[in-house]
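As the structure is a prediction and not an experimental result, all values here were calculated from the model. Chain letters run A, B, ... following the sequence lines, proteins first, then strands; residues in each count from 1.
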2 protein chains.
Amino acid sequence: MARLEPMSTTTPCQRCALRALPIYRRLNEAELAFVEKFKIGEMEVQAGSDILLAGTHSAHLFTIYDGWCFRYDLMEDGGRQILSLLLPGDFIGLQTEMLGTMQHSVQSLTDVRLCVFSRERIWTIFERFPQLSFDLTWAAACGERTVEVALANVGRRPSFERLAALVMHLYRQLEGLRLVKDGTILWPLTQQHIADLLGLSTVHVNRVLRRLINSGLIRLDGRRLTVVDPGALAEIAGVDLEKPLRRPLI
Amino acid sequence: MARLEPMSTTTPCQRCALRALPIYRRLNEAELAFVEKFKIGEMEVQAGSDILLAGTHSAHLFTIYDGWCFRYDLMEDGGRQILSLLLPGDFIGLQTEMLGTMQHSVQSLTDVRLCVFSRERIWTIFERFPQLSFDLTWAAACGERTVEVALANVGRRPSFERLAALVMHLYRQLEGLRLVKDGTILWPLTQQHIADLLGLSTVHVNRVLRRLINSGLIRLDGRRLTVVDPGALAEIAGVDLEKPLRRPLI
DNA sequence: CCCGGTCCTTAACAAATGTTGTGGGCGATC
DNA sequence: GATCGCCCACAACATTTGTTAAGGACCGGG
């Protein structure tokens, strides 16, 4: 399970590096002050840890400050479907409040730093901060849309395009987070992860990934992936490169 | 496009038949009074009409009072992925408010009666009705979960089980709405619809549907489907029959 | 330094699913 | 009552994808 680290140096929300990004709405004084109190700490988790398990009632609400996670369902036959990847700024565990208990599990892909929020005080948001309430609904809508795009991708695109779309989806997200350097992004996904994201077998992922690399569209060394020609890849992926994608952040 | 009918007899929210169902939270006096004013009318739409189109900004917010709709994405190659089916009580167009413009389209499967709400006044909810704000987020979370289950189904189950899961999912939903009579439900879906829901070709849907019928697990005559042995089908589908599934309704 | 684990790679083969094409039923329309 | 369009059925064949199996690279622990 998640490992709780001694809280080295926690960042006050006012000086949060994430919040400064233009993709996020700027909070007003009162909101920011509330969020600061709403936040009860930070947590560090090793790569490959389960953060939340399906069927449980999460004690806390999290946002990712740094690192990658993924949400997944386990099937009766032991198979796994990854529902979405979670990047900095994304919520973890909001569903608990709404759905009573977690329907999916969440696991870290990299070492991760989480902001921890008090679940009791979430009601204060609805009672006293209309704009933040809206943002919560907004966040849920964004999350839903992400899964919808994944569904269309898995249901209606052949494996090559499907993989291309995954890469470009991540590329765009990370661009918004300023995590693309010279076309290169972190790539902590094993071929097993990709298979479970795209509804393929690992062997087939290997085939298709190799094809994508041989085509010269991407390069992959170790845990870094370079998109050689984003325009061309976006074309294949059927993804719109321009979209601005503003998102909420509590 | 949607056809606007002369408003024959609109139902006041206080006497809404849907609202009486135990799956829904009971609103208090103030909330109910507000919702009543929030609702600006009703609308009737013929089967097969587009209600909202991707890329547009919907003028209204709807809930389904009676009938079935579906949300879908069109792919570059003309393919279609159905993202979810919408049944009585479900929202249509909530995303517009959050995401700026509709990312998907919505079409009616049957003749449909919709409740129409004022989009401007949606802010009043966030400002003055914390519990209803919560319900909006809750609704979004429910919608997301539905898509997630569909994704896992498409990504990780073979076609036979996949179809079984679709049938049982609907069966359970309709049960909550009291729309199951002697194991029989309405079945307005063509094989094309099923294909676009499950990420299959129509030919393959035909094969699998035939197999499901021949196995004696379901019967299908015209536009009615009978689940002969819900327990057995749920077993194959990998679906939990018991789950209570309470949901929000504005 | 060896060992076991995880991840990647590839091949040969098997199975699931897609494609193309043809025909029949049936209801709406002229 | 002809005709058109939509939906369903089914066959033959093509293709994609899955399965099983085997080996290599790498890494951390004993």
Side-chain angles (χ1 to χ4, degrees), chain A residues 46-49 70 75 77-82 107-111 153-166 186-215 218-225 236, chain B residues 46-49 70 75 77-82 107-111 153-166 186-215 218-225 236:
Chain A
Q46 287 179 301
S49 312
F70 63 93
M75 317 301 287
D77 68 353
R80 176 176 71 172
Q81 175 67 46
I82 296 184
Q107 186 171 318
S108 56
L109 262 172
T110 65
D111 289 349
N153 200 25
V154 171
R156 282 290 175 239
R157 264 203 276 256
S159 51
F160 189 73
E161 287 84 339
R162 209 185 291 183
L163 178 54
L166 170 63
L186 187 65
W187 192 256
L189 301 167
T190 67
Q191 294 185 1
Q192 181 67 62
H193 287 125
I194 302 174
D196 293 343
L197 273 161
L198 300 182
L200 297 170
S201 67
T202 53
V203 175
H204 200 60
V205 166
N206 186 283
R207 286 196 273 256
V208 176
L209 186 56
R210 206 109 300 281
R211 192 143 70 85
L212 195 55
I213 292 170
N214 289 338
S215 73
I218 66 168
R219 264 175 293 142
L220 193 55
D221 69 308
R223 291 301 176 212
R224 328 219 101 239
L225 182 148
I236 291 170
Chain B
Q46 286 179 300
S49 312
F70 62 93
M75 316 301 286
D77 67 352
R80 176 176 70 173
Q81 175 67 47
I82 296 183
Q107 185 171 320
S108 56
L109 261 173
T110 66
D111 288 348
N153 200 24
V154 171
R156 282 291 177 236
R157 264 203 276 253
S159 52
F160 189 73
E161 287 84 338
R162 211 186 290 184
L163 178 55
L166 170 63
L186 185 65
W187 191 256
L189 300 168
T190 67
Q191 294 184 2
Q192 181 67 62
H193 288 126
I194 302 174
D196 293 342
L197 273 161
L198 301 183
L200 298 170
S201 68
T202 54
V203 175
H204 200 59
V205 166
N206 186 285
R207 285 196 272 256
V208 175
L209 186 56
R210 206 112 300 281
R211 193 143 69 85
L212 194 54
I213 293 169
N214 289 338
S215 73
I218 66 168
R219 264 176 294 143
L220 193 54
D221 69 308
R223 292 302 177 210
R224 329 219 100 242
L225 181 149
I236 290 169

Please find the pair of heavy atoms, one from [X] and one from [Y], that lie closest to each other, and give the distance.
X	Y	result
A:F160	A:R211	CB-NH2, 3.4 Å
B:A164	B:I236	CB-CG2, 3.9 Å
A:S215	A:L212	OG-O, 2.7 Å
B:A195	B:T202	CB-N, 3.9 Å
A:V154	A:L197	CG2-O, 3.9 Å

Contacts under 3.5 Å, N or O only, protein and nucleotides 24-30 of chain C:
none

Main-chain N/O of B:A47 paired with B:D111 side-chain donor or acceptor, under 3.5 Å: yes
Donor-acceptor check, side chain of A:S108 to backbone of A:G48, threshold 3.5 angstrom: yes or no? yes
Less than 4.5 Å apart, any side-chain heavy atom of [X] and any of [Y]?
X	Y	result
B:V205	B:L163	no
A:H193	A:T190	yes
A:V208	A:I194	no
A:L225	A:R219	no

Counting only side-chain heavy atoms from C-beta out, which of D:dA9, D:dT17, C:dC8 sits nearest to A:Q191? C:dC8
Closest to the side chain of A:T190, out of D:dC7, C:dC8, D:dT17, is C:dC8
Figure out the [atom1]/[atom2] separation between [X] and [N], and round it to whole Å.
X	N	atom1	atom2	answer
A:R162	D:dT17	CZ	C1'	9 Å
A:W187	C:dC7	CH2	C1'	16 Å
A:R223	C:dT6	CZ	C1'	10 Å
A:N214	C:dT9	CG	C1'	12 Å
B:R211	D:dA9	CZ	C1'	17 Å
A:L209	C:dT9	CG	P	7 Å
B:L220	D:dC7	CG	P	15 Å

Those residues at least two apart in sequence (or on a different chain) that pass ring-ring contact (aromatic ring centres under 6.0 Å, His included) with B:H204 are none
Distance check: side-chain N/O of [X] vs OP1/OP2 of [N], anything under 4.0 Å?
X	N	result
B:R210	D:dA9	yes
A:R207	D:dT19	no
A:N206	C:dT9	yes

Within a 6.0 Å radius of atom CZ on B:R223, are there more than 12 heavy atoms belonging to other residues, nucleotides or ligands? yes
Might you list the N or O atoms of the protein lying below 3.5 Å from N or O atoms in nucleotides 24-26 of chain D, with each pair's distance?
none

Find the bend of the helix from C:dC1-D:dG30 to C:dC30-D:dG1 as the angle between its two terminal axes (five pairs each), to the nearest 10°. 30°
Once salt bridge (charged side-chain N to carboxylate O under 4.0 Å, His left out) is applied, what residue pairs with a partner in residues 156-165 of chain B remain, sequence neighbours excluded? A:E76-B:R157, A:D196-B:R156
So, with a heavy-atom separation below 4.0 Å from DNA chain D, the residues of residues 192-205 of chain A are A:G199, A:L200, A:S201, A:V203, A:H204
